[in-house]
Amino acid sequence: MTNAEILERLGAVIEARLKAEPGASYVASLAAKGHDAILKKIAEEAAETILASKDGDKLHLIRETADLWFHNMVLLAWHGARAEDVLAELARREGTSGIEEKISRG
């Protein structure tokens, strides 16, 4: 299974769980708390990722990054978007310098 397939499969599970009863899954319970709860969780996971990086623990950094990506996927699904949309945007930017890309966003 490719990395893109993993993201696609996980995205489909997240989308289904967003529609589930809050007691049925973690994603459903987080979604039931609303948009702000999802945003708060992303901020928490971002902070934990930063701290793992500062600690220099590669495995901890990988695990925290996985948590951060997962919660970002929940946020994307909340907005009707998918990881594939982000991958398409990254592909669009490929070969463009970061400076040029920022200028193009105005």
Side-chain angles (χ1 to χ4, degrees):
M1 179 175 306
T2 67
N3 292 337
E5 289 170 331
I6 292 167
L7 290 174
E8 185 177 329
R9 202 169 81 191
L10 179 57
V13 169
I14 289 170
E15 287 174 13
R17 291 186 180 168
L18 279 176
K19 300 170 190 163
E21 291 297 317
S25 76
Y26 168 76
V27 171
S29 67
L30 181 59
K33 295 175 188 170
H35 187 236
D36 285 349
I38 297 169
L39 296 175
K40 182 178 177 183
K41 191 63 182 173
I42 289 172
E44 176 187 312
E45 296 300 344
E48 290 174 1
T49 301
I50 291 166
L51 292 173
S53 177
K54 297 275 288 172
D55 289 345
D57 184 335
K58 183 178 176 181
L59 180 57
H60 189 202
L61 174 61
I62 290 167
R63 290 177 173 162
E64 292 301 340
T65 300
D67 290 346
L68 180 58
W69 286 13
F70 174 83
H71 287 91
N72 274 287
M73 289 181 70
V74 172
L75 181 64
L76 287 168
W78 177 270
H79 287 283
R82 301 176 130 212
E84 293 92 325
D85 300 319
V86 177
L87 293 174
E89 175 60 15
L90 290 172
R92 184 192 69 77
R93 294 180 185 186
E94 187 175 12
T96 304
S97 82
I99 293 170
E100 290 173 7
E101 198 283 323
K102 278 192 134 182
I103 290 170
S104 75
R105 288 190 272 162

Check: Among pairs that include at least one residue of residues 3-21, which meet salt bridge (charged side-chain N to carboxylate O under 4.0 Å, His left out), considering only residues two or more places apart or in two chains?
Finding: Glu15-Arg82
Next item on the list: Mind checking side chain to side chain contact (heavy atoms under 4.5 Å, CB included) for Ala66 and listing every partner two or more places apart, or none if nothing turns up?
Entry: none
Checklist line | Pairs involving residues 27-40, ordered by first then second residue, that meet side chain to side chain donor-acceptor pair (under 3.5 Å) (sequence neighbours left out) | finding: His35-His79
Note to self: Show me the pairs that pass salt bridge (charged side-chain N to carboxylate O under 4.0 Å, His left out) and involve residues 57-81, at least two apart or across chains.
What the structure shows: none
Note to self: Using a 3.5 Å distance criterion without hydrogens, assess whether the side chain of Thr49 forms a donor-acceptor pair with backbone atoms of Glu45.
What the structure shows: yes
Check: Could you state the interatomic distance from CG (Leu61) to CG (Leu51), rounded to the nearest 0.5 Å?
Finding: 11.0 Å
Check: Taking only residues at least two apart or on different chains, which pairs with a member in residues 48-68 satisfy ring-ring contact (aromatic ring centres under 6.0 Å, His included)?
Finding: none
Check: Counting only heavy atoms not in Asp55, do more than 12 sit closer than 6.0 Å to its CG atom?
Finding: yes
Checklist line | Which atom of Leu18 lies closest to which atom of Trp78, heavy atoms considered | finding: CD1-N, 3.6 Å
Next item on the list: Would you please name every residue forming a side chain to side chain contact (heavy atoms under 4.5 Å, CB included) with Leu7, sequence neighbours left out?
Entry: Met73, Ala83, Leu87
Checklist line | Heavy atoms from other residues, nucleotides or ligands near CH2 of Trp69 exceed 12 (cutoff 6.0 Å) | finding: no
Checklist line | With Glu48 via salt bridge (charged side-chain N to carboxylate O under 4.0 Å, His left out) - residues at least two apart | finding: none
Notebook entry, point to check: Which ILVMFWY residues can you reach from Met1 by hopping between side chains whose heavy atoms are under 4.5 Å apart?
Noted result: Ile6
Checklist line | Partner set under side chain to side chain contact (heavy atoms under 4.5 Å, CB included) for Ala32, not counting sequence neighbours | finding: Pro22
Next item on the list: Sequence neighbours left out, what passes side chain to side chain contact (heavy atoms under 4.5 Å, CB included) with Leu76? Give chain and number order.
Entry: Ala81, Val86
Next item on the list: Taking all non-hydrogen atoms of both residues into account, name the closest pair between Leu30 and His71 and its distance.
Entry: CD2-CD2, 3.9 Å
Check: So do the side chains of Val74 and Lys41 get within less than 4.5 Å of each other, counting heavy atoms only?
Finding: no
